[in-house]
Amino acid sequence: MSESELIEIAGQWNFNYNYFAGESASRFFRELRENQRIMGTRCTKCRRLLVPARAFCDACMERTNEWEAVGPEGTLDTFTIITTQFPGLPKPPIVMAYVTLDGADTALINLVHGLDMSDIDKAARRLNSLPRVRTKFIDEPKGRITDFSFELI
Amino acid sequence: MALENVSVYVEGVALEMSWADPRRNLSEFIFDTVRNALDDAGGSLDGITSVVLAAHDLVDGRSLSSMVTAPAAGAYLRDEIRYGDDGAGAFAAAVTRLEAGECERTIVAAWGRSSEHDVDAVSRTLFDPIFARPLGLEELHISGMRAQDWRRRHGGDSRVAAKQRAAAAARNPRALHKGGFKSAASYPLVEADLPLWGDVAAAMILTTKPTGVRLAGLGQSSEPYWIGDRTLHEATALRQAAERAMREARCKPAEIDIFEIDGLTLYDEAIGLEAIGLAKPGSGLDALAGNEKCNPSGGGAAGYCAPSMGLVRIIESVLQIQGRAGGNQIAAPRRALATGSSVVAGQTQTAVILEAA
Ligand SMILES: [Zn+2]
């Protein structure tokens, strides 16, 4: 059979879902919206403060109980710089980073803003020094992970 | 715990890396490789009562893809299990069935066709929809952060290792030599660190009757769900999986002749070599650059598509032990360690040790 006789059928797979965030994530997001603070939950067994807040510690398979605020400052752990555009996200280059907020035992991922990105290598060197960062909230938080980002102090 | 005196042997293998062949649909693509593995094992289906598959609905673009594809993998009138994880995990599941005395011969197969789906878009859907997906996170971004964390601690870059890897892939007759594509690299990754997306099918026949290649050890482990809870510059779950496999095989890394390590990027492969204990922390890239025992297949540069890569690594190891690897054959290896890692960002890890029997 010749190439031109072979058929390709275009397809799409696009459904709507409603994801139940659950009580812990709902409270975490409500704290973002109403109090502009990042909350963690403490494991009853290993005592780590887990961020973002969650109902259980999967290392211990135990429930968490106490809620504690972390940050608003923290230390950058690692990062990547994304140079391709993705619909719904800011224009590249974008810095994505894991940050351990003060008081937390786990790292939280979000975008890093406020860095001069005109020279990527220079920006990378700055980030490579594991700078201190603070959380910065948008003007009208909606109770979503995109309510805040990190900026270098 | 295995039944006494039950060992698992490899009877036949087959592997295909190709690109956008419009002459075959997905089930025909799968059939060719499974048929080749059966032929490699002597051609007969006699005694095969079990089929274990690794496939992913989102990769295949077919819901319940096992129902579409299992018959092409030999599942007709057989007990079929589909493993929604890496092919090395399917291999492990097949082994447990053999060791439990549930069957005497089994087919294991895994596949993924990068040319049929948008690999980056599928990658974005894999992440947690509540905390991570709104940020547009992709698996390659996690690999970028892992590479950054590793580089900050240990220094160096991937240039020499990438050159060696490309040369190894060029020697590998089973590698994807035409077509395929690469995603965009996020800093500090560069194009040479990335996997070459291809259409990949892998199949193997396992048996309890002795052949020239025997399974000597097997281990599996998992990372925490939250990526922010993990130690990114190490592969803790892989270290544990490899320790279990080596304990079972009663061997140390120095006593292993071939290492086929699965990882999304060159840095993931390097960190994998450190996790299994072949390379000291910080020297994984040096091992890939200078030790011909490490990923002689060319790793992700030889062609890549989840969830088939762990089974590909195992098959490359089998071919090395059998002396059938071709242009990338290493001199007379007796023992090999192969690994397979799953989405998301290597959350589950399987380590397999094979020996000449
Ligand atoms: Zn705990």
Side-chain angles (χ1 to χ4, degrees), chain A residues 1 3 5-9 11-13 17 19-22 25-26 28-29 48 50-52 54 57-59 77-90 92-100 104-111 120-121 123-124 127-130 144-146 149, chain B residues 20-25 57-58 60-63 115-118 120-125 127-138 140-153 155 183-189 222-233 236 347:
Chain A
M1 198 179 279
E3 291 278 332
E5 289 175 284
L6 292 161
I7 295 170
E8 277 182 43
I9 295 169
Q12 229 187 4
W13 202 356
Y17 290 87
Y19 296 112
F20 296 113
S26 298
F28 176 85
F29 287 128
R48 289 185 307 158
L50 306 168
V51 178
R54 58 197 82 163
C57 168
D58 62 7
D77 292 335
T78 188
F79 68 93
T80 187
I81 302 173
I82 300 155
T83 49
T84 43
Q85 176 78 61
F86 174 61
L89 279 185
I94 296 167
V95 180
M96 188 99 71
Y98 272 105
V99 165
T100 301
D105 287 299
T106 63
L108 181 63
I109 190 168
N110 217 315
L111 307 183
I120 299 243
D121 288 325
L127 293 163
N128 198 40
S129 69
L130 305 191
R144 294 289 181 272
I145 198 71
T146 42
S149 56
Chain B
D21 176 7
R23 293 176 191 281
R24 291 171 297 166
N25 63 32
D57 292 358
L58 288 172
D60 287 348
R62 289 147 171 96
S63 68
S115 67
E116 274 199 344
H117 72 287
D118 178 342
D120 297 321
V122 165
S123 179
R124 286 190 284 269
T125 64
F127 285 88
D128 176 282
I130 297 158
F131 291 96
R133 217 190 283 171
L135 303 174
L137 202 57
E138 296 171 9
L140 278 170
H141 301 157
I142 303 294
S143 286
M145 287 191 270
R146 195 194 302 283
Q148 169 58 29
D149 196 13
W150 186 92
R151 274 168 52 130
R152 188 186 58 76
R153 287 161 197 277
S183 296
S186 71
Y187 183 95
L189 298 173
S222 298
E223 294 279 343
Y225 168 71
W226 296 89
I227 293 161
D229 292 14
R230 302 184 198 172
T231 311
L232 280 180
H233 65 280
T236 315
Q347 188 172 348

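Side-chain atoms are counted along with the backbone in the values below, which use heavy atoms only and exclude waters and symmetry mates. Protein chains get the first letters and strands the later ones, always in sequence-line order, with residue 1 at the start of each.
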Quiz prompt | Which portion of Ala21(A) sits near chain B, non-hydrogen atoms under 4.5 angstrom | solution = both
Self-check item: Part of Asp77(A) within contact of chain B (heavy atom distance under 4.5 Å)
Solution: backbone
Quiz item: With a 4.5 angstrom heavy-atom cut-off, which part of Arg144(A) approaches chain B: side chain, backbone, both or neither?
Solution: neither
Quiz prompt | Heavy-atom pairs under 4.5 Å with chain A, option from Ser183(B), Ser143(B), Pro134(B) with the top count | solution = Pro134(B)
Quiz item: Is chain A contacted by the side chain of Ile227(B), its backbone, both, or neither, given a heavy-atom distance below 4.5 Å?
Solution: both
Exercise. With a 4.5 angstrom heavy-atom cut-off, could you sort out which part of Asp58(A) is near chain B: side chain, backbone, both or neither?
Key: side chain
Practice problem: Using a cut-off of under 4.5 Å on heavy-atom pairs, state which of Glu116(B), Arg62(B), Arg230(B), Arg146(B) scores highest against chain A. | Solution: Arg62(B)
Exercise. State which residues pass ring-ring contact (aromatic ring centres under 6.0 Å, His included) with Tyr19(A); sequence neighbours excluded, sorted by chain then number.
Key: Tyr17(A)
Self-check item: Residue Arg124(B) versus chain A: region with a heavy atom under 4.5 Å
Solution: side chain
Self-check item: Winner by heavy-atom pair count (cut-off under 4.5 Å) against chain A, out of Asn25(B), Leu58(B), Leu135(B), Asp118(B)
Solution: Leu135(B)
Quiz item: So what's closer than 4.5 Å to chain A heavy atoms on Leu232(B): side chain, backbone, both or neither?
Solution: side chain
Quiz item: Tell me, side chain or backbone of Glu3(A) under 4.5 Å from chain B's heavy atoms, or both, or neither?
Solution: both
Exercise. Can you tell which part of Ala147(B) gets under 4.5 Å to a heavy atom of chain A, answering side chain, backbone, both or neither?
Key: neither
Self-check item: Interface moiety of Ile82(A) toward chain B, non-hydrogen atoms closer than 4.5 Å
Solution: both
Quiz item: Side chain, backbone, both or neither: which part of Thr125(B) has a non-hydrogen atom closer than 4.5 Å to chain A?
Solution: neither
Quiz prompt | Residue part contacting chain A, namely of Asp128(B), when any heavy atom lies under 4.5 Å | solution = neither
Self-check item: Backbone N/O of Arg152(B) and side chain of Asn128(A): donor-acceptor pair under 3.5 Å
Solution: no
Quiz item: In terms of heavy-atom pairs under 4.5 Å with chain B, which of Leu111(A), Thr146(A), Ile109(A) leads?
Solution: Ile109(A)
Practice problem: Go through the atoms of Ala104(A) and report whether side chain, backbone, both or neither lie under 4.5 Å from a heavy atom of chain B. | Solution: neither
Quiz item: When only pairs under 4.5 Å are counted, which of Ile7(A), Ile81(A), Ile120(A), Leu108(A) shares the most heavy-atom pairs with chain B?
Solution: Ile81(A)
Practice problem: List in chain and number order the residues that pass ring-ring contact (aromatic ring centres under 6.0 Å, His included) with Phe127(B), two or more places apart in sequence or in another chain; answer none if no residue qualifies. | Solution: none
